[in-house]
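A short worksheet on the structure shown next.
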Amino acid sequence: MFRQTQDQSLRPLTTAHLAQTMSLLVLSNQELHDRVITELSSNPALELLDERICPGCHKPLSSAGPCPVCSRQVEGEEPIVFLSPRDSYRPSRKRTLEDQPLDQEPAAPEDLSVYVMRQLAADLKPEDRNVAVYILASLDEDGFLTSPPPYIAQATRSSLPQVMRVIDLIYKADPVGLATDGPRQTLLVQLDQLGEGEEPHCELARQLLRESFSELGRREYDKIALILGISPAAVKEAAAFIHDNLNPYPARAYWGSGRQPQPGDSNVYHTPDVMISRNPSVNDGPLMVEIFSSISGWLRVNPLFRQAMPEANEEQSDEWSEHLEKANLFVKCIQQRNNTMQRLMGLLVSQQSDFILEGARFLIPMTRAQIAGEIGVHESTISRAVANKSVAMPNGRIIPLAKFFDRSLSVRDRIKEIVENESKPLTDDVIASLLQEEGIKIARRTVAKYRAVEGILPARLRGARKLSQAA
DNA sequence: CTATGGCACGGATT
DNA sequence: AATCCGTGCCATAG
């Protein structure tokens, strides 16, 4: 279920066209967004429309192709589909507690306020919009408010309840706990979002945050225990729970994990370029692919500019036609890019549906070259299309698109399972022969390599770990 | 002596 | 042409 803008590729391509399509293809959607913005501001022949009006009946058009109302065909040099804000990505709340993906690669960094704003768009009343913008813009780098709510109300000429309402919405958006007055409140908000009472530690954790936050920061667990009259062990457990599941600095958060920032990690937000989801209304329904853009609206060559061309005087003429040509090229290139991405994703979901739905084990090894052959483009095109992109899977995980082409993923997954279920530590040799019986023939040395990739300790050390766990 | 990690080589992939 | 990947050989730690 994705909109296909086929047939574009039948048009003859100039070398300039090809070159630019390539350079656009490597970009992640976020980077493309920036690119479009600069192009728009430097080229008067381009325009971005909020919505597209059918030239026939003057009703807004929502998708490519003929007008649904008067079925008039809109001519071809026209716009590219950009998704409406409604389609923008919203992470599910659940993910916060799930085990964290170790496999994330740096994806497109995005301005935090833009990201949050997009989530808010649907829930926000029109009159609250500028309040939200103001608040998000004035957050400091840790994601905290820089001025108290009454001040914000004054600055935005709104009421205090209004401001509080917006702040409450921002609390709940991802990353959870933004726009608080400090780490303590952030942690409390995150605690609320985790779901009531499910966790036995929640209540105690809440109490710790409320009543002995400063002691908590200094790790004076014994002192806290004394004050609150609880066992030091319980305090430590609750502290560990907070540490593991909450993040006092929401603006430094990561996708899918409440982990604390660690040195060496890059503080990057992961916004997927593509989302694969299953239609929730239909059981076992088809997989849907959405390709995101951080711009909504329609990009096209400004028809007025085109009409004005003949009126240009001598010295303008050259410049204008250059603009026009560039604009035309740009639009076509982006169309081309979208087209390639759509066809690529279409092929991936149909061939790897087991992997998408069931997990890493079911990834069928494939190479970019194969895909290129099936689509009928050059291999380097697929390479570029795959590079720097991330995909949100139906289960909410965000993975690099390149993972689809990881030849050893399924084997590594199998090894992981073998190790998890082993009763006593198995050596690499044994694991290798086990895999052999399953028809997977790899060398012992390779098992060792995969173990390393997965962060699994060697057999000897695994033994030690189990002993200490038992004790 | 056994299990593992380092290095480097050759073939495949990009 | 550059890079990645699986593997064999060898040194080393236990």
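The sequence lines fix the lettering, A, B, ..., with proteins before strands; numbering per chain opens at 1. Every value quoted in this text rests on a predicted model; they were computed, and no experiment measured them.
Per the geometry, CG belonging to A/L426 stands 15 Å off C1' belonging to B/dT4, to the nearest Å. To the nearest angstrom, C1' of C/dA13 lies 11 Å from CG of A/L461. Rounded to a whole Å, the CG atom of A/D406 is 7 Å from the P atom of C/dC5. For the pair A/R462 CZ and B/dT4 P, the computed distance is 7 Å after rounding to whole Å. Regarding A/H378, its NE2 atom lies at a distance of 13 Å from the C1' atom of B/dT13, rounded to whole Å. Rounded to a whole Å, the NZ atom of A/K449 is 8 Å from the C1' atom of C/dG6. Look at CZ on A/R451: it is 12 Å from P on B/dA3, rounded to the nearest Å. Taking atom CG of residue A/L401 and atom P of nucleotide B/dT14, one finds them 13 Å apart after rounding to whole Å.
Note on A/I442: only backbone sugar-phosphate atoms sit closer than 4.0 angstrom, heavy atoms only; bases stay farther off. A/R384 comes within contact range of no nucleotide atom at all, as no heavy-atom separation falls under 4.0 Å. Residue contacts for A/S380: at a heavy-atom cut-off of 4.0 Å it reaches no nucleic acid atom on any strand shown.
Picking from C/dG14, B/dT13, B/dG5 the nucleotide with the shortest atom distance to the side chain of A/T367 gives B/dT13. Among the nucleotides C/dG6, B/dG5, C/dG8, the one closest to any side-chain atom of A/A443 is C/dG8. Of the candidate nucleotides C/dT7, C/dC5, C/dG14, C/dC5 has the atom nearest to the side chain of A/R407. Residue A/A369 places its side chain closer to B/dT14 than to any other of C/dT7, B/dG5, B/dT14.
Here the side chain of A/R337 pairs a donor or acceptor atom with the backbone of A/L27 at under 3.5 angstrom.
Interface remark: the A/R445 side chain does form a donor-acceptor pair with the B/dG6 base, using a distance-only criterion of under 3.5 Å. In terms of polar N and O atoms assigned as donor or acceptor, the side chain of A/R444 comes within less than 3.5 Å of the base of B/dG5 in a complementary pairing.
Between A/Y450 and the phosphate of C/dC5, there is no side-chain N or O to OP1/OP2 separation shorter than 4.0 Å. For the pair A/R368 and B/dT14, the criterion of a side-chain N or O lying under 4.0 Å from OP1 or OP2 is met.
Between A/S383 and A/R368, the shortest heavy-atom contact is OG-CD, 3.6 Å.
Taking the side chain as every heavy atom from C-beta outward, A/R414 and A/L435 approach each other to under 4.5 Å.
In summary, A/R412 and A/D406 engage in a salt bridge, as defined by a charged side-chain N under 4.0 Å from a carboxylate O.
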Stepwise side-chain contact (heavy atoms from CB on, under 4.5 Å) test for A/L347 and A/R343: CA-CA 6 Å; A/L347 216 55; A/R343 290 208 281 167; over 6 Å; no
